[in-house]
Structure formats: C-alpha cells, structure tokens
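Bear in mind the structure is a predicted one, so any value in this text is a computation, not a measurement. Count residues from 1 along the sequence.
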Amino acid sequence: MAQITRWGILGTGRIAGLFATGLTSAPGAALVAVGSRTQEAADAFGDRFTIPRRHASYEALAADPDVDVIYVSTPHTRHADNTLLCLNAGKAVLCEKPFALNARQAEEMVALARAKKLFLMEAMWSRYYPAMVEARRLLKEGAIGEPRMLAADLGFRSTVGKEHRLRNPALGGGALLDVGVYPVSLASMIFGEPKTVTSQAKLGETGVDEQAGIVLGYDDGQFAVLYTSIQVSTLHEATVMGTEGTMRIGLDWHKPTQLTLLRAGQAPDIIALPFEGNGYNYEATEVMTCLHDGKSESAAMPLDESLGIMRTLDTLRGQWGLRYPDE
C-alpha cells in the first residue's frame, strides 16, 4: 500500500486548480487542506475538489498539523513570503515557478529551508514529464554526442488589460517570469548557469517585457538561443544540437510527448513518451518520492540550480531596466 502524503494548497487560482486536478493522478497523494485569503474562496475551492479542511488565511493553512507539504500557487510577488511562512511553520514546500521574484528572495528561501532541514523545490513541472526525464538520460549518455547548442521558444498572444498579472508590474508581470523562465530553465538543465547573457526586449506600456530574444553563453563555448513573448504565439519548439546529432523535444516541448533523434545517415528515431493525468502529477510524485526517501531537495531540480536560474532572470531584467515595485 502506497504511503500517503497529505497536501495543502496555498492559493485558489487557476494554477492551484490544475495542481489539485493533477494530484488525483498521483498515487499516494491526499489533498486535505486549502488556504485562501477569505473563507468564501477557500470553501468554493474546497467544494470543487472535495477538500475537507478549508482555511481562511495562509497562516492557518501553514499551521495545520494534518498537512505534510504545501504547494504555493500564488502570484510571483508572493512566492517568497508564502514559502517562508510555510517553512517557518515546519512544512515542506513545492513553490510554483518562477521560484521567486528575484535571486535575493530565492536565496532567503533556500537558506531557511536548509537551516530547518526542510524539503523545498521549484515547481518547474516540465522537468518531470516522462519525455523530459528520458531526454536528460539520453543527453547524459551521449545519444547526440556533446550538446553544443540549444534553440527554444515559448510564447503566446495575450490581449489582457493593464491590471492583469501578465501586464501588471506590481504582480511581477511580463513574458520572462511567466513563460520565459521555461526556456531559461531548459538551457540550465542542459548547460548549467551561463557565463554570458545577451538579450533584447520590448517593454510594453506598463513597463513589463512583452517579448524578448536571449542568447546565453557557457564556459566551453556552448550557447542557447531563446525567445519568449506575450505578444505573439511562438512554435513551442526546442532543439538540442550535438556533435553527433540533434534532439527535438516535442511536440509542445514544455509538456512533451515525444523525442526525435536525428543522426547523420540514419532514419529519424521517434520516441513516443505520452503522459498520464494533466502533467502536474509528475512534479507531485517527485516531491513525495523525495519526502519518503528523506531528501531535502530534488536531484532533478536542485536548489542551487533554481538560484542560478533566478540570477539569470535578474541579469536579463537588469539589461532591460525592468524593476518591480516590491524590489
């Protein structure tokens, strides 16, 4: 019989609902509590997902003795405060991406988790899909030789107003923190933290980035060319180019279902790797496996890597002159 992990969800927005749905496909997961800023919102979310414990404050959720781990699903600007609240209450935490608003906040989160010996992980859900797990294995084994270049994009067209979180500086708006973090994280997964960062962005009427082109350079001459946008829908493609072949991650690379290996003189090798549930179940399973094994962080998304990704995001925003009010 699977060991049961008791989950709480902090926040009741769209991503919270997707994660709650994902937990239904994660063996051993029990969604036992939700915390919101009002009792009405907590009750509505609780009714929707049949959650027995509904808290009218985040503090009450963090203090709930019947919760093992809390998923933080609030806007970017609240990730640090909410994570610190839960860690100080002795809870393990899975924090939605981006890990924090900036590297300084992320460092505080990691320091507290390590001081308290509590589990903490960034919820970069794409890392745990079967296709991405296999991609890491194949790259490590040299399936395309030495990876040298990456091309990846992620963007969509949004027409939301100025007050929406995507365009609101007070909520950490912009393409980079919402979707650009995905290709930046993919580059980090393959090459590590970049040595050089070059970019150009278009800032919109509210001052946040609406599209950007990014080139990341690495110690041994590798580089990644990345695109992100909330002005246009991009192709959602990711291609890793190596000395002995190419790997395409697809079809929608941040929630992939297949890998295609292209090597000279050989027919394309298409590896189908469908996923179950809505995809959020895989990151939840990773958390539960780590907790059951007594680990305080995930080898697939280590905290030092999350810190490196935040430093890269900070550098990019620095190049664009983009600072948020909370900073």
Side-chain angles (χ1 to χ4, degrees), residues 2 5 7 14-29 69 71 73 94-99 119 121-141 143-144 147 150-156 178-192 224 226 228 234-240 242 246-262 268-293 295 297-303 305-306 309:
T5 300
W7 285 86
R14 185 182 71 88
I15 298 297
L18 290 171
F19 187 79
T21 299
L23 284 179
T24 64
S25 301
V69 55
Y71 169 62
S73 68
L94 172 66
C95 181
E96 184 53 42
K97 60 79 197 165
F99 197 44
F119 180 86
M121 188 180 91
E122 179 182 1
M124 181 52 68
W125 69 323
S126 57
R127 288 276 173 118
Y128 310 102
Y129 277 77
M132 199 63 80
V133 172
E134 180 66 2
R136 285 199 297 275
R137 188 187 71 81
L138 289 170
L139 291 173
K140 184 176 181 180
E141 290 187 353
I144 60 168
L150 166 69
D153 67 81
L154 196 62
F156 61 96
D178 194 68
V179 287
V181 63
Y182 284 101
V184 170
S185 183
L186 179 64
S188 174
M189 186 188 85
I190 297 170
F191 296 126
L226 316 174
T228 186
T234 67
L235 295 174
H236 297 186
E237 292 183 341
T239 304
V240 188
T246 296
M247 174 189 290
R248 290 178 177 164
I249 306 172
L251 299 167
D252 194 0
W253 76 262
H254 72 300
K255 44 183 179 179
T257 57
Q258 69 178 42
L259 304 173
T260 302
L261 300 181
L262 303 170
D269 184 5
I270 300 175
I271 307 168
L273 292 157
F275 60 85
E276 298 178 355
N278 68 355
Y280 288 82
N281 42 304
Y282 293 106
E283 64 180 358
T285 297
E286 173 70 8
V287 171
M288 294 187 291
T289 299
C290 289
L291 290 176
H292 297 163
D293 291 345
K295 297 178 180 178
E297 59 184 282
S298 164
M301 189 74 250
L303 294 175
E305 187 178 352
S306 290
I309 291 167

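- Rounding to the nearest 0.5 angstrom, the gap separating the CD1 atom in Ile271 from the CE atom in Met247 is 7.0 Å.
- In this structure, OG in Ser73 is found 7.5 Å from CD in Glu96, a value given to the nearest 0.5 Å.
- In plain terms, the two heavy atoms of Ala26 and Met288 that are nearest each other are CB-CE, 3.8 Å.
- No option in His254, Glu283, Glu305 other than Glu305 meets the side chain to side chain contact (heavy atoms under 4.5 Å, CB included) test with Arg127.
- A donor-acceptor pair is defined here as one N or O able to donate and one able to accept, closer than 3.5 Å; such a pair exists between the side chain of Asn281 and the backbone of Gly279.
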Before you tell me yes or no, could you show the steps for Met124 and Val181 under side chain to side chain contact (heavy atoms under 4.5 Å, CB included), namely the whole-Å CA-CA distance, both residues' side-chain angles and the distance that decides it to 0.1 Å? CA-CA 9 Å; Met124 181 52 68; Val181 63; 4.0 Å; yes
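- Taking the six-membered ring where tryptophan is involved, the planes of Tyr71 and Phe19 are essentially parallel, since the angle between them stays under 30° and well short of 60°.
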Would Leu261 and Leu138 count as a side chain to side chain contact (heavy atoms under 4.5 Å, CB included) if you check the C-alpha gap in whole Å, the side-chain angles of each, and the deciding distance to 0.1 Å? CA-CA 10 Å; Leu261 300 181; Leu138 289 170; 4.3 Å; yes
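- Partner Met121 forms a side chain to side chain contact (heavy atoms under 4.5 Å, CB included) with one of Leu303, Val287, Val69 and no other, that one being Val287.
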What do the steps show when you test Trp125 against Tyr182 for side-chain hydrogen bond (donor to acceptor under 3.5 Å, both in side chains), and what is the final call? CA-CA 10 Å; Trp125 69 323; Tyr182 284 101; 3.0 Å; yes
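- Between His292 and Thr5 there is a side-chain heavy-atom pair separated by less than 4.5 Å.
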Assess the residue pair Met189 and Met301 against the criterion (side chain to side chain contact (heavy atoms under 4.5 Å, CB included)); give the C-alpha distance rounded to whole Å, side-chain angles, the decisive distance to 0.1 Å, and a yes or no. CA-CA 8 Å; Met189 186 188 85; Met301 189 74 250; over 6 Å; no
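- Rounding to the nearest 0.5 Å places CD1 of Ile309 at 5.5 Å from CD of Glu122.
- Remark: the backbone N or O of Tyr280 is paired with a side-chain donor or acceptor of Asn278 at under 3.5 angstrom.
- Considering CZ of Phe119 and SG of Cys290, their distance stands at 4.5 Å, rounded to 0.5 Å.
- In this structure a side-chain-to-backbone donor-acceptor pair under 3.5 Å is present from Tyr282 to Glu276.
- Between the side chain of Asp269 and the backbone N or O of Thr260, no donor-acceptor pair lies under 3.5 Å.
- Under the 4.5 Å side-chain criterion, counting only non-hydrogen atoms from C-beta, Thr257 is not in contact with Leu273.
- Of all the heavy atoms in Pro130 and Pro274, the pair that sits closest is CG-O, 4.0 Å.
- Side-chain atoms of Glu286 and Leu94, non-hydrogen and from C-beta on, never get closer than 4.5 Å to each other.
- In this structure a side-chain-to-backbone donor-acceptor pair under 3.5 Å is present from Lys97 to Asp178.
- Considering all non-hydrogen atoms of both residues, Arg136 and Ala300 come closest at NH2-CB, 3.7 Å.
- For the atom pair CZ (Phe156) and NE2 (His236), the distance works out to 8.5 Å, reported to the nearest 0.5 Å.
- When every heavy atom of Pro147 is checked against every heavy atom of Ile190, the shortest pair comes out as CB-CG2, 4.2 Å.
- Minimum heavy-atom separation, Trp7 to Ala284: CZ2-O, 3.8 Å.
- In this structure a side-chain-to-backbone donor-acceptor pair under 3.5 Å is present from Thr228 to Leu154.
- Note: Leu139 CG to Leu259 CG = 8.5 Å, rounded to the nearest 0.5 Å.
- Pairing each heavy atom of Ser25 with each of Gly277, the nearest pair is OG-CA, 3.6 Å.
- Listed for the Thr289 side chain is a donor-acceptor partner under 3.5 Å among the backbone atoms of Thr285.
- Remark: the backbone N or O of Asp153 is paired with a side-chain donor or acceptor of Trp253 at under 3.5 angstrom.
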